Each structure stands twice: as structure tokens, then as C-alpha cells.
Amino acid sequence: MNTRGSTAHATPSVQALLANCRDYWLGWGAQDRQDDRLTYYRSGVAHPSLNAVLRLRAGDRIGPCVERATRALAGVPWLWWVGPDSAPGVRDRLVGHGATLVGSMPIMAVGTDRLPDVSGPPGLEVETVDGTDALTEWVRVYSASFGFAADLLDGLVRCEATRPDAPALVRFTGRLHGEPVGTALMFAAHGVAGVYVVTTAEDHRRQGIGTALTAAALRAGRERGLRTGTLQAGSLGVGLYRRMGFRTVDAYELFRLPPP
């Protein structure tokens, strides 16, 4: 199914996946967030994935909305997401304003009652993150995998520590023989277990660590009574998630606007 750029054919279950995604990223809005016709968040951390427009609803002209987004996100790198919950035709209108496609992410889903029994390599232990020191370590592990600059660490920790949705989050660290080598997060919202921040340290990839951490996040959702898990897959993870039973239901496209 491909409903990019329109809500007309999106099923209620797909809408729940999209709402989970929006709410997770809005939780990064430490400096500013807005969910009306123009949905955006601003963390203030200087990385494009952490400041973005997530949705433009139908009914508004693109020019004033681009101007509003540019003002709201001035001073930080940012992206504009286009998905099945965006206004019809917004993709083409953004391109008409000079936007450049810089990436895409499949939106994937799986039933939490059909999870594979995986434990990862011998010596791997998956633990929940509790306390300031553990949170800082967790952020440091995923920062390296995502390529965040070292000078962003304090801002990342600050945003993570002050998220307004903390009760809905469960964070996981994977330790291999005591060394932290991976991360994951489960976000419970809209009846869906959203899986985010799945990383594995580069020297420890292709051992099943990411699979084990993803499964741990989905089990946490199932324990809360959530029957569906969802994630937005990066290019390195699509094959892994398919093997776990995830199916692709749609996709987001990511655009960068030219400087004003």
C-alpha cells in the first residue's frame, strides 16, 4: 500500500502508527513544539533529525507554511517529513519551493503476539535504563551509532531527561560481557508500541544484538497490552525487521529546504 501525500486511503491502524510516530518526535521539542495545521518540533540540538516539520494538514497554502517553519526552526538544521498524514500534493509543492529529497524511511508494523524467540549472542544482557548515569551512558552509545558529534551529548541528555512523555517510555541498553553495545526504546501511545533508537555499536554488528533489543522493546509493549508494534526503518535495518515479521505499510520522505 502506498498512500504518500494523502490521508484518504489510510486505515485506522495506519493512523495509529503515524500518531505514535508524531507524538514520539514531538517529545523532542524541548525548545518548541506545535501540533496544529503545521506540526513541528524544535529540540535546539544542532542535528537535522532533531528539529523538523512532521506534517502539514490540508487547507493551507504552502508558501506561508514554509515561512512559518523557517522562522520557528531558524538557527538549527531541520527537515520536513512528508508521509501519508500530510496534505495532498504537499510533496510537489515543497519541491516547487526548492526542497530537496534527502532520504526516505519505510513505516513498518508487526503483531506483538508473533515475536521470534531471540536472545542475541552469548554474553548479551538487555537491561532497562534507570537513573541519570544510565541515561547518559545510553545516549553516549546511540550517539556514536547515529554519528552525532561529541559536543551534542549534553544537549541530547538534557532533551532525553526532560521529555514530557516519560511514563510512556521504556529505554533499553544491551551489554555484551558488561560492555554497552546497543540501545532501543519503546514508546507506548495510541494503542501502539513504537520502537525507536535501535542501535548497535559498529564493532558488534551482525551478531543479532539489534534483533534482541528490538524484541525486548516489543515485549515491553506486549506486556502493556499493546498488540501492534511499529517503527520507521533506516536502510541498515529493513532486512532485519522483515526477518522479524515486520511488514511495510507506507513510507516517509525527508526533505531539506534551501536556506532563506
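Only heavy atoms go into these numbers, but all of them, side chains included; no hydrogens, no water, no symmetry mates. This one's a predicted model, so the numbers in the text were calculated from it and none came from an experiment. Index from 1, following the sequence.
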### Message
Aromatic contact between Tyr41 and Trp28, with the criterion being ring centroids under 6.0 Å apart: yes or no?
### Response
no
Review point. Hey, quick one: are Trp78 and Val90 part of the same hydrophobic cluster, counting side-chain heavy atoms closer than 4.5 Å, chains of contacts allowed?
Key: yes
For Arg93 and Ala87, the nearest pair of non-hydrogen atoms, with its separation, is NH2-CB, 3.8 Å
Check your understanding: If Ile, Leu, Val, Met, Phe, Trp and Tyr residues are connected whenever their side-chain heavy atoms lie under 4.5 Å apart, and connections chain through other members, are Val198 and Ile209 in the same group?
Key -> no
Q: Take Phe246 and Leu218, measure what side-chain contact (heavy atoms from CB on, under 4.5 Å) needs, and give me the verdict at the end.
A: CA-CA 11 Å; Phe246 281 87; Leu218 291 169; 3.8 Å; yes
In this structure, CG of Leu153 is separated from CZ of Arg158 (nearest 0.5 Å) by 10.0 Å
Polar side-chain atom of Thr230 near backbone of Met108 as donor-acceptor pair, under 3.5 Å
yes
Practice item. Please check if the side chain of Arg37 supplies one atom and the backbone of Ala58 the other of a donor-acceptor pair under 3.5 Å. Key: yes
Note to self: Please evaluate residues Gln207 and Leu176 with respect to the criterion side-chain contact (heavy atoms from CB on, under 4.5 Å), reporting the C-alpha separation (whole Å), side-chain torsions for both, the decisive distance (0.1 Å), and the verdict.
What the structure shows: CA-CA 11 Å; Gln207 300 181 50; Leu176 189 60; 4.0 Å; yes
| said: Are Val181 and Phe172 linked, directly or through intermediate hydrophobic residues, by side-chain heavy-atom contacts shorter than 4.5 Å (ILVMFWY only)? | reply: yes
message: So does Trp138 get a backbone contact from the side chain of Thr183, meaning a donor-acceptor N/O pair under 3.5 Å?
response: no
Tell me yes or no: between the side chains of Gln232 and Tyr24, is some donor less than 3.5 Å from an acceptor? no
*Is a side-chain N or O of Arg222 found less than 3.5 angstrom from the main chain of Thr112, in a donor-acceptor match?*
yes
Do Leu152 and Ser143 come close enough that some side-chain heavy atom pair is under 4.5 Å? no
Give a yes or no on this: more than 12 heavy atoms of other residues, nucleotides or ligands lie within 6.0 Å of atom CD of Glu125. no
The reported gap from CG in Leu101 to CZ in Phe255 (rounded to nearest 0.5 angstrom) is 4.5 Å
Would a single hydrophobic cluster contain both Met186 and Met244, if residues Ile, Leu, Val, Met, Phe, Trp and Tyr are joined by side-chain heavy-atom contacts under 4.5 Å? no
>> Using a 6.0 Å cut-off, check whether atom CZ of Arg224 has over 12 heavy atoms from anything other than its own residue.
In response: yes
For Pro106 and Thr248 the tightest heavy-atom approach is CB-CG2, 4.0 Å
Quiz item: Got a donor-acceptor contact below 3.5 angstrom from the Ser86 side chain to the Gly83 backbone?
Solution: yes
On a heavy-atom basis, the closest approach of Gly210 and Leu240 is C-CD1, 4.2 Å
Notebook entry, point to check: Can you find a pair of side-chain heavy atoms, one from Val53 and one from Trp81, that are under 4.5 Å apart?
Noted result: no
| said: Determine whether a donor-acceptor pair (N or O, by modelled atom type, separation under 3.5 Å) exists between the side chain of Asn20 and the backbone of Val192. | reply: yes
CG of Leu17 to CD of Gln15, rounded to nearest 0.5 Å, is 9.0 Å
Under-4.0 Å salt bridge between Arg68 and Asp36:
yes
Closest non-hydrogen atoms of Leu231 and Val195, given as atom of the first, atom of the second and distance, are CB-O, 3.4 Å
- Task: Indicate yes or no for a side-chain donor-acceptor contact from Ser145 to the backbone of Thr200 under 3.5 Å, with no hydrogens or angles considered.
- Result: yes
Val170 and Phe187, any side-chain heavy atoms less than 4.5 Å apart:
no
* Is there a donor-acceptor contact under 3.5 Å from the side chain of Arg22 to the main chain of Leu54? -> no
### Query
Is a side-chain donor or acceptor of Asn51 paired with a backbone partner of Val45 at a separation under 3.5 angstrom?
yes
| request: Would you tell me whether Asp32 and Tyr40 have side-chain atoms, one donor and one acceptor, within less than 3.5 Å of each other? | output: yes
For residues 42-74, the ring-ring contact (aromatic ring centres under 6.0 Å, His included) pairs (sequence neighbours left out) are His47-Phe148
Heavy-atom nearest pair, Gln31 first then Ser43, reads CG-O, 3.6 Å
What one should report as the nearest heavy-atom pair of Val118 and Ala212 is CG2-CA, 4.0 Å
Between the CE atom in Met105 and the CD atom in Glu253, the distance rounded to the nearest 0.5 Å is 11.0 Å
So CG of Leu56 and CG of Asp85: to nearest 0.5 Å the spacing works out to 10.5 Å
May I have the step-by-step check of side-chain contact (heavy atoms from CB on, under 4.5 Å) for Asp165 and Asp23, ending in yes or no? CA-CA 9 Å; Asp165 48 15; Asp23 281 7; 6.0 Å; no
Here the gap from Leu26 atom CG to Cys21 atom SG, rounded to the nearest 0.5 Å, amounts to 9.5 Å
Notebook entry, point to check: Is Arg205 atom CZ crowded by more than 12 heavy atoms from other residues, nucleotides or ligands, each under 6.0 Å away?
Noted result: yes
*Please determine if Arg55 and Asp35 form a salt bridge, counting it only when a charged side-chain N lies under 4.0 Å from a carboxylate O.*
yes
query: If you group Ile, Leu, Val, Met, Phe, Trp and Tyr by side-chain heavy-atom gaps below 4.5 Å, do Val126 and Tyr142 land in one group?
result: no
